[in-house]
Amino acid sequence: MAQMPQDHRISADDRPALLRQVHARLCEAYHCPIAYFHALDPLDELVSSLLSHRTKNADSARAFRQLRERFPDWESVRDAPVAEVEAAIAPCTWPEAKAPALQRTLRTLTERQGRLDLGHLAGMEVAEARDWLESLPGIGPKTSAAVLSFSSLRRRALPVDSHHHRVAIRLGLIPPKLAVGPAHRVLEAMLPPEWDAQQVYDDHEVLMLHGQRCCFFRQPACHRCVLLDLCPTGQERRGGAKSGVEEGEGFHGLPG
């Protein structure tokens with residue numbers, strides 16, 4: 001079993017190899033490959049992702065379902081009185097902000113494409129598709145990656161949520177002060193080039209699951225962590241040092 005260097009520092013050159021080790025151990029612990037949780041059309045996934053920001057999965061799923069039940073198509077959502085859209089998505093957080101933001105995104109998409117459809121993304125390279133999506137109002141790196149990875153497109157894009165971000169900082173894969181948005185490109189650049197979309201999806205899922213089940217925001221369960229000997233933060237905690245991440249430093253809210 002590989003051991004951390006005594007000074008607990010990880011060089012940039014060592015990070016891709018560390019990522020491979022982390023991925024292998026977590027995939028064994030969380031039983032990869034992990035099944036995709038749904039296969040929505042890319043536009044449906046875009047709307048679902050916008051509703052999910054800072055919202056529990058069950059609540060955002062209920063908001064999405066209510067929106068689909070209330071309106072026959074996305075054109076109707078785009079053109080409806082904003083109060084009706086807000087009422088439909090009430091289960092998610094901040095519906096009063098998300099309703100006009102969603103309509104603004106749908107209007108911009110219509111202006112650019114002449115229709116509400118994201119099928120053209122299938123013919124783009126991942127980086128090009130992400131840049132195109134992120135040029136839409138309210139769309140950031142997490143949403144662009146989710147649309148490409150989670151939807152029926154099944155592309156090689158890496159979403160980074162708050163759990164994934166926290167675990168990556170504690171492992172030394174990214175600097176403590178790197179926010180979630182910029183972390184997407186940094187972590188994606190470390191991915192082995194031979195990995196397919198399923199392996200990239202697994203990487204996101206296992207790091208997220210590890211943050212939810214072991215590497216908690218406060219009082220991480222280092223004593224039962226399968227990554228302890230690879231983790232600078234775990235080694236420092238075991239030695240009695242306090243981690244800045246545990247106290248909230250370097251932890252940022254999720255942008256789109």
| request: Examine the side chains of Thr55 and Thr93 and answer whether a donor and an acceptor come within less than 3.5 Å of each other. | output: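 A donor-acceptor contact under 3.5 Å links the two side chains.
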Notebook entry, point to check: Side chains of Glu45 and His38: do they bring a donor and an acceptor to under 3.5 Å?
Noted result: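 Judged by distance alone, the side chains do pair up.
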Sort and list the pairs that fulfil salt bridge (Lys or Arg N to Asp or Glu O under 4.0 Å) and have at least one residue in [range], not counting sequence neighbours.
range	value
residues 147-159	none
residues 120-131	Arg130-Glu134, Arg130-Glu188, Asp131-Arg185
residues 194-208	Arg20-Glu194

Using the side chain to side chain contact (heavy atoms under 4.5 Å, CB included) criterion, which residues pair with Pro91? Sequence neighbours excluded.
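With sequence neighbours excluded, Pro91 shows a side chain to side chain contact (heavy atoms under 4.5 Å, CB included) to Arg62, Ala63, Gln66, given in chain and number order.
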Note to self: Before you tell me yes or no, could you show the steps for His184 and Ser144 under side chain to side chain donor-acceptor pair (under 3.5 Å), namely the whole-Å CA-CA distance, both residues' side-chain angles and the distance that decides it to 0.1 Å?
What the structure shows: CA-CA 10 Å; His184 281 77; Ser144 72; over 6 Å; no
| Under the ring pair (Phe, Tyr, Trp, His ring centres under 6.0 Å) test, residues paired with Phe216 that sit two or more places apart |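 Checked Phe216 against ring pair (Phe, Tyr, Trp, His ring centres under 6.0 Å); zero matches.
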Item to check | Set of ring pair (Phe, Tyr, Trp, His ring centres under 6.0 Å) partners for His204, sequence neighbours left out | outcome: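 His204 satisfies ring pair (Phe, Tyr, Trp, His ring centres under 6.0 Å) with Phe150, His164 once adjacent residues are dropped.
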Partners of [X] by side chain to side chain donor-acceptor pair (under 3.5 Å), sequence neighbours excluded?
X	value
Ser135	Arg112
Arg107	none
Gln113	His120
Ser151	none

Ring pair (Phe, Tyr, Trp, His ring centres under 6.0 Å): pairs with one or both residues in residues 86-116, sequence neighbours excluded =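 The answer is none; no pair qualifies.
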OH on Tyr201 to CH2 on Trp195, rounded to 0.5 Å: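 It comes to 15.0 Å.
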Between side-chain atoms of residues 75-89 and protein atoms elsewhere (two or more places apart, or another chain), which donor-acceptor pairs fall under 3.5 Å?
from  : atom 1 : to     : atom 2 : distance (Å)
Ser76 : OG     : Asp73  : OD1    : 2.7
Arg78 : NH1    : Thr110 : OG1    : 3.0
Glu84 : OE1    : Arg70  : NH2    : 2.5

Tell me whether His53 contacts the main-chain N or O of Ser49 through its side chain, where contact means a donor paired with an acceptor under 3.5 Å.
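Yes; at least one donor-acceptor contact below 3.5 Å.
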Inset, instruction - Please report the C-alpha distance between Val226 and Glu28 in whole Å, then the side-chain angles of each, then the deciding distance to 0.1 Å, and finally whether the side-chain contact (heavy atoms from CB on, under 4.5 Å) criterion is met. - result: CA-CA 10 Å; Val226 298; Glu28 182 176 359; over 6 Å; no
